[in-house]
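Scroll down for the structure; my scribbles are underneath it.
These figures come from a predicted structure and were not determined experimentally. Numbering starts at 1 and runs along the sequence shown.
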Amino acid sequence: MTKSRNKSSKTQSSDQKLNIINAKAAAFYRRLYRRAGAAKAITATAHKIARIFYRLWTTKQSYQDLGADYYEQQYRQRVINNLSKKAQSLRFQLDEASSA
């Protein structure tokens, strides 16, 4: 129980250190932090922000943040598609689960 508190406080302090302003990058960072650790998450998030900045700079467009919910929804759909392809390759068939 103590470890989870420390982890969340580490995540929050790392978020503050990164000074992430948009929700998409913050959601990306938190997801990657759980998988790969702080150092790789910080580097990957900085790279993602740099790519966004470069594209906006070169195309002279303005950035519109779609929010963390949109990003999480896209991520969930990618996971479902990947699991579906994996199941197909193993000759399984997936059925839609009904929400009750």
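Shown here are the side-chain hydrogen bond (donor to acceptor under 3.5 Å, both in side chains) partners of Q77, two or more places apart in sequence or in another chain: N81. Under the rule for a side-chain hydrogen bond (donor to acceptor under 3.5 Å, both in side chains), N82 has no partner lying at least two apart in sequence or in another chain. With sequence neighbours excluded, no residue forms a side-chain hydrogen bond (donor to acceptor under 3.5 Å, both in side chains) with Q88. Residues passing the side chain to side chain contact (heavy atoms under 4.5 Å, CB included) test with R78, sequence neighbours excluded: R31, Y71, Q74, Y75. Among residues two or more places apart in sequence or in another chain, the side chain to side chain contact (heavy atoms under 4.5 Å, CB included) test is passed with Q93 by none. Shown here are the side chain to side chain contact (heavy atoms under 4.5 Å, CB included) partners of L56, two or more places apart in sequence or in another chain: I52, Q61, Y63.
Under a 4.5 Å side-chain heavy-atom cut-off, the cluster of Ile, Leu, Val, Met, Phe, Trp and Tyr residues that includes F92 is completed by L90.
A41 and L32 get closest at one heavy-atom pair: CA-CD2, 3.8 Å.
In this structure the side chain of K40 never reaches within 4.5 angstrom of the side chain of T43, judged on heavy atoms.
A side chain to side chain contact (heavy atoms under 4.5 Å, CB included) with S89 is found for one member of R91, K86, K85 and no other, namely K86.
Pairs passing the side-chain hydrogen bond (donor to acceptor under 3.5 Å, both in side chains) check and including a residue from residues 47-58, sequence neighbours excluded, read H47-R51.
Taken from CD1 in I49 to CZ in F28, the straight-line distance is 9.5 Å, to the nearest 0.5 Å.
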